[in-house]
Amino acid sequence: MSSRAQDSLAIPATEDTLEYERFIEVVEHSLFEYYKETWGKERAYEVIDSLGYEEDDRPSFSDSVYVARLNKLNETTPIDIVANDDMLRVVKYFASKRRRFTAVCIGRSKLFFPMYEEYLDKYNMPIELKYLSVIESGLRPTVKSRVGACGLWQFMYRTGRMFGLENDSYIDERMDPEKATDAACRYLKYLYGMYGDWSIALAAYNAGPGNVNKAIRRSGGQMNYWSLRPYLPKETQMYVPNFIAMMYMMNYYPEHNIVPKEAKVYQHEVDTVCLTEVVRISHLDSLLSISEDDFRYLNPTYKTDIIPQTEPNQCITLPLEKIGLFLELEDSIYNYENTLDSLNMSFVALEKKKKHQVKPGETMAQIAAYYDVTIQDIKGWNGMRTSTVYPGQYLTIMLTEKKYIEKSEASNVKKPSSSSSSSSSSSSSKIKYSYDGQYKYYTLKNGESLWTVSQKLGIPFGQIQELNKDLDPKRMQPGDKIRIKKI
């Protein structure tokens, strides 16, 4: 924006600030509602209400209706959709047996589809290819197949490396939503360049170019997918029909009385920041008040607790409301242990029990690496003789949780003295709180801030900041009381 344009923006007077903030609130709320409507829940209710469906209705349609809808889809895409008997059978199966899956995937799509569409547009590819990831992974970036394919686009190790996806002790870029999407677009465009047909390119994505080339030879040189289909491996014969059936479901879900599941997070609710140094994921919980599970949902690339320093820099995805907090505390995040030392802080280690459900394709070695423990630890905690695990099995994992306190307190706790003077000193150093019936309060000492108190008491910084958002950190003084817990 030019300086002249900036000068022309009216800055609200002090008395108008409240009205201005209300206006901004209304605009932000309207934008959020627009984004929600864009993703189909409102459209679903509108269509369902117009058709008069009850909540449990499962409508069915005549073949002519399915044919008309498939033909309409065919008119809007360069992917060849043929409404033959096999295709109708698959569509009817999805409409009957894949209802919940469709509802869940529409919810998940709110995080991924905007990004998919950007890359497909960048490479000038059919926008409908975004539905391929639904068939491949159910839009789950951490999913692993029994044969080792990973991520939203289910890249095998070698294919991932061919298209620039790194995989080392700390990072598996096959699980990076953005990098994997870019690689998938380049791979699909490469396959289309080989065959000149998007349906055959999809078959090659599933079976590999070698198997497709064999099928072409056996068919006598057929280069139309539907003519080539009987010569493809059995799994691949169903791959493109499944893709088309999912395309149908994602477009006609309201007509089938399917209401999308609510998204865990929308794409417009997150942003990225790039790191210049090594960061431990476990430190972000206490500093940013973002749980490890929530962080890994947005950043599935990392195999261990460590985000390494790389060139180019690692960039992480965070909720929008955490971006400002990250920038404010960036130095403290990089120098976490040094910062604690400078504040005369130490920690006590507390054991915390966690239940881990084994995912398909997951091994005990992978689980041990994820939690930074050993295979022997896991076997001992669960009374197991072997390292064999099964999908759905629950494993007990014992994690070390740090609670930060003043070093003087830590030494008093560890080495209690029997002398009266020591006892007096210990009791005088004990933290005292006050209460008003609504909140538990802590009284600030010289040199303390909200951040140092959060580390001292083991309370996530974001939580203590939220409780005291009416306080100006620059004006806080020793003796001031801050809220640390709602009673």
Side-chain angles (χ1 to χ4, degrees), residues 100-101 104 108 133 135-162 165-177 180 206-208 211 233-236 239 264 278-285 291-308 347-403:
R100 185 175 179 278
F101 177 74
V104 169
R108 291 173 182 160
S133 176
I135 291 296
E136 284 287 344
S137 64
L139 299 180
R140 293 172 295 164
T142 58
V143 71
K144 296 180 182 179
S145 76
R146 54 185 174 78
V147 294
C150 283
L152 289 165
W153 297 93
Q154 289 292 282
F155 273 103
M156 295 293 287
Y157 177 83
R158 287 186 181 179
T159 311
R161 292 302 294 265
M162 277 175 58
L165 298 177
E166 296 296 325
N167 191 348
D168 58 28
S169 298
Y170 295 113
I171 294 168
D172 187 345
E173 288 184 346
R174 294 176 297 169
M175 295 190 193
D176 184 306
N206 175 251
N211 285 320
K234 283 190 177 180
E235 179 188 337
T236 308
Y239 188 74
K264 184 173 182 178
V278 174
V279 168
R280 281 192 174 272
I281 294 170
S282 55
H283 291 170
L284 299 178
D285 186 2
S291 72
E292 185 171 335
D293 286 345
D294 286 344
F295 179 84
R296 290 189 181 278
Y297 179 79
L298 295 173
N299 301 273
T301 312
Y302 303 107
K303 294 181 175 180
T304 69
D305 187 46
I306 295 172
I307 304 174
F347 69 88
V348 291
L350 305 173
E351 271 203 331
K352 184 179 179 182
K353 185 185 289 187
K354 179 180 175 68
K355 287 290 183 183
H356 176 90
Q357 187 174 21
V358 179
K359 302 178 182 69
E362 201 170 36
T363 66
M364 188 179 287
Q366 291 169 332
I367 297 167
Y370 179 83
Y371 290 107
D372 198 18
V373 298
T374 68
I375 291 175
Q376 288 303 119
D377 286 335
I378 296 177
K379 287 163 68 175
W381 294 327
N382 294 275
M384 299 170 66
R385 294 184 178 181
T386 71
S387 58
T388 303
V389 292
Y390 306 95
Q393 180 181 358
Y394 282 93
L395 297 175
T396 296
I397 308 291
M398 302 301 293
L399 301 176
T400 301
E401 189 178 67
K402 296 179 178 181
K403 183 173 181 180

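- Nearest heavy atoms, Lys379 versus Thr386: CG-O, 3.8 Å.
- Of the inter-residue distances, the one linking Leu165 atom CG with Asp172 atom CG reads 8.5 Å to the nearest 0.5 angstrom.
- No more than 12 heavy atoms of other residues, nucleotides or ligands lie within 6.0 Å of OH in Tyr170, so this atom counts as exposed by the packing criterion.
- In this structure, Asp377 has no salt bridge (charged side-chain N to carboxylate O under 4.0 Å, His left out) partners at least two apart in sequence or on a different chain.
- Shown here for Ile375 and Ser387, the closest heavy-atom pair between the two residues is CG2-CB, 4.1 Å.
- In this structure, the separation between CG on Asp294 and CG on Leu284 is 12.0 Å, given to the nearest 0.5 Å.
- Judged as a salt bridge (charged side-chain N to carboxylate O under 4.0 Å, His left out), and not counting sequence neighbours, Asp176 has no contacts.
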Fill in: Audit row: Met175, Lys303, side-chain contact (heavy atoms from CB on, under 4.5 Å) steps and yes/no
CA-CA 10 Å; Met175 295 190 193; Lys303 294 181 175 180; over 6 Å; no

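- Listed by chain and number, the residues in a ring-ring contact (aromatic ring centres under 6.0 Å, His included) with Tyr371 are His356 (sequence neighbours excluded).
- The structure places CE of Met156 at 8.0 Å from CZ of Arg174, a figure rounded to the nearest 0.5 Å.
- Partners of Glu235 under the salt bridge (charged side-chain N to carboxylate O under 4.0 Å, His left out) rule, at least two apart in sequence or in another chain, do not exist in this structure.
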Residues 389-398 side chain polar contacts: donor-acceptor under 3.5 Å, at least two apart:
unit_1: Gln393; atom_1: OE1; unit_2: Tyr390; atom_2: N; d: 2.9
unit_1: Tyr394; atom_1: OH; unit_2: Gln357; atom_2: OE1; d: 3.4
unit_1: Thr396; atom_1: OG1; unit_2: Lys355; atom_2: NZ; d: 2.8

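- Shown here are the side-chain hydrogen bond (donor to acceptor under 3.5 Å, both in side chains) partners of Asp305, two or more places apart in sequence or in another chain: Arg280, Ser282.
- Interatomic distance, CD of Gln154 versus CG of Asn206, reported as 11.0 Å (0.5 Å rounding).
- Every residue meeting the side-chain contact (heavy atoms from CB on, under 4.5 Å) condition with Ser133, not counting sequence neighbours, appears here in chain and number order: Tyr116, Ser137, Leu139, Leu152, Trp153.
- Legend: residues meeting side-chain contact (heavy atoms from CB on, under 4.5 Å) with Ala369, ordered by chain and number and at least two apart, are absent.
- The shortest heavy-atom contact between Asn211 and Ala207 is ND2-O, 2.8 Å.
- Annotation: salt bridge (charged side-chain N to carboxylate O under 4.0 Å, His left out) contacts of Glu136 (sequence neighbours excluded): none.
- Considering only residues two or more places apart in sequence or on other chains, Arg161 meets the side-chain contact (heavy atoms from CB on, under 4.5 Å) condition with Tyr157, Glu166.
- Between atom CD1 of residue Ile378 and atom CH2 of residue Trp381 there is a gap of 6.5 Å, rounded to the nearest 0.5 Å.
- Residues passing the side-chain contact (heavy atoms from CB on, under 4.5 Å) test with Asn299 are Phe295, Tyr302, Ile316, Thr317, sequence neighbours excluded.
- For the atom pair Thr304 OG1 and Ile171 CD1, the distance stands at 9.0 Å (nearest 0.5 Å).
- In this view, Lys359 satisfies the side-chain hydrogen bond (donor to acceptor under 3.5 Å, both in side chains) rule with no residue, not counting sequence neighbours.
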